[in-house]
Every structure is written in C-alpha cells, then in structure tokens.
A.B. asks: 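First, the structure itself, so that you have it in front of you.
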Amino acid sequence: STLREPGTYWLWTIPPGERGSRLMFQRYDRVLEGVDAAPVVLTSDRGIDYGTVETLAISLGSGNDAFTIASTAAGTVTTLDTDGGQDTVSVETVSSATTVNTGLLADTVTIHSTNAVTTVNTGDGGDTVNVRTIAAAATVNAGAGNDVVNVSGADGTLLGITAALTLNGDADSDTVN
C-alpha cells in the first residue's frame, strides 16, 4: 500500500509503547532533531509504504497541500486531516475504512474508487467533492460554505456508483451535480 504527498517532507514515527499498532505521519518543511521515536524521513518522490498497521493518521500542515492516497492496506483504518490551506486530495482507491477531513478554505477532494467505507467531512469554505466510482458505502458531509458535490464517472454516467452514497449538506447553499 502506498500514500504519496508531493513537494513536502514527512516524518514517520511509531509512538513509544505502541510499536506495530499505530503510525503517525506529520508534515515538516525540514528534518527535525531530537524526536523521541525512530523517524523515517520521506521525500516528495517516495511514497509511504506500510503494512500490518491498525490505524494510520495523517495530518497535513497549514499551507496549500496536494495529497494522493494511491491505496490503503486492508484492515488499516486511515484518517487524513488536511488542516488549513486550499488543499487538493485525490483518493485513488481504498481497501479499508478511510476518512478525509478538510480544514478551512476551499478544498477539493476527488474519490476515484472505493472498495471500503469512505467518509469525507469538509470544513469551512466553498469545497468541491468529486465522486467518481464507489463499490462500498460513501458519505460526504458538507461543512459551512457553499459546497459543490459532483457525482459521475469518467464517462459522465452514474454506472460507477454501485453502493450507497449519502450526501449531507449544511445551512449554506450546497450544490449536487
């Protein structure tokens, strides 16, 4: 399984006392010193490969980020928090429960393919969520702001939507296409 994030550095740590049960990834602009856990620094041209991990939590920084979830490992619950900035997230395929939480400002999330339960929670701002293909239940919870949810496959039809898709709007003017 691989996760990729272009243009930044990631610090991979296994919290003390939790070896083999949880990985934490944090974005940094430079390598840190004096970290209490054994880090593995990944550059933008390498993905994050992992296995036998129960929980994977990734938090991006406050800047404008582009993050691609190329795939997730079966049995690994994955959560991505984009935090602030105008972020772009591409979910290529997931094989286990995955949640994407966007932060402030206008973010874009594209779900290309799912084989497991997927949830997108948009934050404040006019966000865009594109749902292309789902084979397992997916939920989009639109936060504050005028959000747009586009539902259609690459061919412009709904043939790729083969599972329940739940769309929840907020008090603002949200649009579903």
A.B. asks: What heavy-atom pair brings Ala97 and Ala116 nearest, and what distance separates the two atoms?
C.D. replies: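 For Ala97 versus Ala116, the nearest heavy atoms are N-CB, 3.9 Å.
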A.B. asks: Is it true that a side-chain atom of Thr114 and a backbone atom of His112 form a donor plus acceptor pair closer than 3.5 Å?
C.D. replies: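 Checked: no pair found.
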A.B. asks: Hey, is the main chain of Ala73 close enough, under 3.5 Å, to the side chain of Ser95 for a donor-acceptor pair?
C.D. replies: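 Side chain of Ser95 to backbone of Ala73, a donor-acceptor pair under 3.5 Å: no, none is there.
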A.B. asks: Of all heavy-atom pairs between Thr68 and Glu92, which one has the smallest distance, and what is that distance?
C.D. replies: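 The answer is CG2-OE2, 3.1 Å.
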A.B. asks: To the closest 0.5 Å, what do you measure between CG (Asn121) and CG (Leu80)?
C.D. replies: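 CG of Leu80 is found 11.5 Å from CG of Asn121.
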A.B. asks: At what distance, to the nearest 0.5 angstrom, does CD1 of Ile58 lie from OG1 of Thr82?
C.D. replies: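 Those atoms lie 12.0 Å apart.
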A.B. asks: Do Val148 and Leu158 land in one hydrophobic cluster if side-chain heavy atoms of ILVMFWY residues count as linked below 4.5 Å?
C.D. replies: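 Unlinked, Val148 and Leu158 end up in two clusters.
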A.B. asks: What heavy-atom pair brings Asp174 and Gly145 nearest, and what distance separates the two atoms?
C.D. replies: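 That would be OD1-O, 3.1 Å.
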A.B. asks: Between atom CG of Asp65 and atom CG of Asp83, what is the distance when rounded to the nearest 0.5 Å?
C.D. replies: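 Answer rounded to 0.5 Å: 8.5 Å.
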A.B. asks: Would you say Val120 ends up clustered with Leu165 if hydrophobic residues are merged whenever their side chains have heavy atoms under 4.5 Å apart, either directly or through other cluster members?
C.D. replies: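 Result: yes, single cluster for both.
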A.B. asks: List the atom of Asn115, the atom of Ala136, and the distance in Å for their closest heavy-atom pair.
C.D. replies: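 Between these two residues, the closest heavy atoms are C-CB, 3.7 Å.
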A.B. asks: Do any side-chain atoms of residues 104-111 form donor-acceptor pairs under 3.5 angstrom with protein atoms, and if so which ones, sequence neighbours left out?
C.D. replies:
| from | atom 1 | to | atom 2 | distance (Å) |
| --- | --- | --- | --- | --- |
| Asp107 | OD1 | Asp87 | N | 2.7 |
| Thr110 | OG1 | Asn130 | ND2 | 3.1 |

A.B. asks: Heavy atoms only: give me the nearest Thr162-Leu159 pair and the separation to one decimal.
C.D. replies: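 Looks like CG2-O, 3.6 Å.
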A.B. asks: Taking Leu167 as the starting point, is it possible to reach Ile134 by hopping between hydrophobic residues whose side chains are less than 4.5 Å apart?
C.D. replies: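 Yes; Leu167 is reachable from Ile134 via cluster members.
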A.B. asks: Is it true that a side-chain atom of Arg132 and a backbone atom of Ser152 form a donor plus acceptor pair closer than 3.5 Å?
C.D. replies: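 Side chain of Arg132 to backbone of Ser152, a donor-acceptor pair under 3.5 Å: yes, one is there.
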A.B. asks: Just wondering, do Asp147 and Asp172 contact through their side chains at under 4.5 Å, heavy atoms?
C.D. replies: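 Not in contact.
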A.B. asks: Any chance you could measure Thr128, atom OG1, to Asn177, atom CG, to the nearest 0.5 Å?
C.D. replies: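 Reported value, rounded in 0.5 Å steps: 9.5 Å.
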A.B. asks: Which pair of heavy atoms, one from Ala135 and one from Ala163, lies closest together, and at what distance?
C.D. replies: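 Distance-wise, the nearest heavy atoms are C-CB, 3.7 Å.
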A.B. asks: Answer yes if Ile161 and Val100 sit in the same cluster of Ile, Leu, Val, Met, Phe, Trp and Tyr residues linked by side chain heavy atoms under 4.5 Å apart, and no otherwise.
C.D. replies: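 Cluster IDs for Ile161 and Val100 match.
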A.B. asks: Distance-only, no hydrogens or angles: does the Thr166 side chain make a donor-acceptor pair with backbone N or O of Thr139 under 3.5 Å?
C.D. replies: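 Checked: no pair found.
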